Amino acid sequence: MANQTETHARPSPAEPSGRSPDWDGELVPDARGRTAAPDEDCPVETALTAVAGRWTTLILRELMHGPHSFGELRDRLPRISTKVLAERLRVLGERDLLTHDRLRGFPVRTRYRLTPAGRALRPLLIELYRTGSAIEALRAAERGDGGAG
């Protein structure tokens with residue numbers, strides 16, 4: 001009797017058992033989110049990258065109200081260092097989330113404003129705030145402190 005080789009389908013990275021995973025259609029509405037590792041093409045990774053970095057969400061929040069100069073942003077966020085603000089503005093520009101306009105006059109002034117992609121982050125920032133508040137409330141309830149931290 002000849003030896004027979006059995007072949008098995010390789011298990012998918014997302015499901016080690018080899019079963020087809022049951023995707024939550026709301027969490028993963030299309031194939032771009034069905035990854036086994038962080039992938040830059042995943043919409044969730046795109047959104048997280050957009051808001052990543054200390055102070056980034058606060059800068060975005062301020063620019064949601066309209067354009068601001070560097071000095072106005074410093075006034076609105078007095079604890080941010082000049083170096084960090086400049087770096088975050090540069091990175092947000094590289095991510096195509098903001099643009100800047102040079103204003104005439106002396107000294108030359110620059111106003112920063114959100115691009116349409118930057119403004120599209122508004123619902124995400126709102127939901128992050130709501131979710132953070134809900135998590136804090138649940139943790140407080142579990143501790144039995146009624147919200148005191």
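Everything quoted here is computed from the prediction, not taken from an experiment. For the single chain, residues carry numbers from 1 onward in sequence order.
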Taking every non-hydrogen atom, the tightest pair across [X] and [Y]:
| X | Y | answer |
| --- | --- | --- |
| Thr56 | Arg88 | OG1-CD, 3.5 Å |
| Leu60 | Leu121 | CD1-CD1, 3.9 Å |
| His100 | Thr110 | CB-CG2, 3.5 Å |
| Glu72 | Pro67 | OE1-O, 4.2 Å |
| Gly33 | Val28 | C-CG1, 3.7 Å |
| Leu125 | Met64 | CD1-CE, 3.9 Å |

Less than 4.0 Å between a side-chain N and a carboxylate O, is that true for Arg139 and Glu142?
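No, this pair does not count.
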Before accepting this row, confirm whether a basic side-chain N of the pair Arg90/Glu87 lies closer than 4.0 Å to the acidic partner's carboxylate O.
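Glu87 and Arg90: salt-bridged.
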Should Arg32 and Cys42 be marked as a side-chain contact (heavy atoms from CB on, under 4.5 Å) after you check the CA-CA gap, both sets of side-chain angles, and the distance that decides it?
CA-CA 5 Å; Arg32 295 174 299 158; Cys42 174; 5.6 Å; no
Under 3.5 Å, is there a donor-acceptor pair between the Thr49 and Arg95 side chains?
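The answer is no; no qualifying pair exists.
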Please report the interatomic distance [atom1]([X]) to [atom2]([Y]), rounded to the nearest 0.5 Å.
| X | Y | atom1 | atom2 | result |
| --- | --- | --- | --- | --- |
| Leu58 | Arg79 | CG | CZ | 10.5 Å |
| Leu63 | Leu97 | CG | CG | 10.5 Å |
| Glu62 | His68 | CD | NE2 | 6.0 Å |
| Leu124 | Thr131 | CG | OG1 | 9.0 Å |
| Thr46 | Asp41 | OG1 | CG | 7.0 Å |

Quick one: does Val44's side chain get under 4.5 Å of Leu27's, heavy atoms only?
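Answer no - side chains too far apart.
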Test Thr82 against Arg74 for side-chain hydrogen bond (donor to acceptor under 3.5 Å, both in side chains), laying out the working first.
CA-CA 8 Å; Thr82 301; Arg74 282 292 316 265; 2.3 Å; yes
Would you check, one step at a time, whether the test side-chain contact (heavy atoms from CB on, under 4.5 Å) holds for Ile80 with Ile59?
CA-CA 10 Å; Ile80 192 171; Ile59 294 167; 4.0 Å; yes
Arg113 vs Leu98, side-chain contact (heavy atoms from CB on, under 4.5 Å): CA-CA, chis, key distance, verdict
CA-CA 5 Å; Arg113 61 182 168 80; Leu98 69 76; over 6 Å; no
Should Val91 and Tyr112 be counted in the same cluster of Ile, Leu, Val, Met, Phe, Trp and Tyr side chains packed under 4.5 Å apart?
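Cluster IDs for Val91 and Tyr112 differ.
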Please walk me through it: do Trp55 and Leu85 pass side-chain contact (heavy atoms from CB on, under 4.5 Å)?
CA-CA 8 Å; Trp55 293 98; Leu85 178 56; over 6 Å; no
Could you check whether any side-chain N or O of Ser81 sits under 3.5 Å from a backbone N or O of Val84, counting only pairs where one atom can act as donor and the other as acceptor?
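Such a contact is found between Ser81 side chain and Val84 backbone.
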Counting distance only, does the side-chain N/O of Arg111 pair as donor-acceptor with the main-chain N or O of Asp101 below 3.5 Å?
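The answer is no, because no donor-acceptor pair under 3.5 Å joins these two groups.
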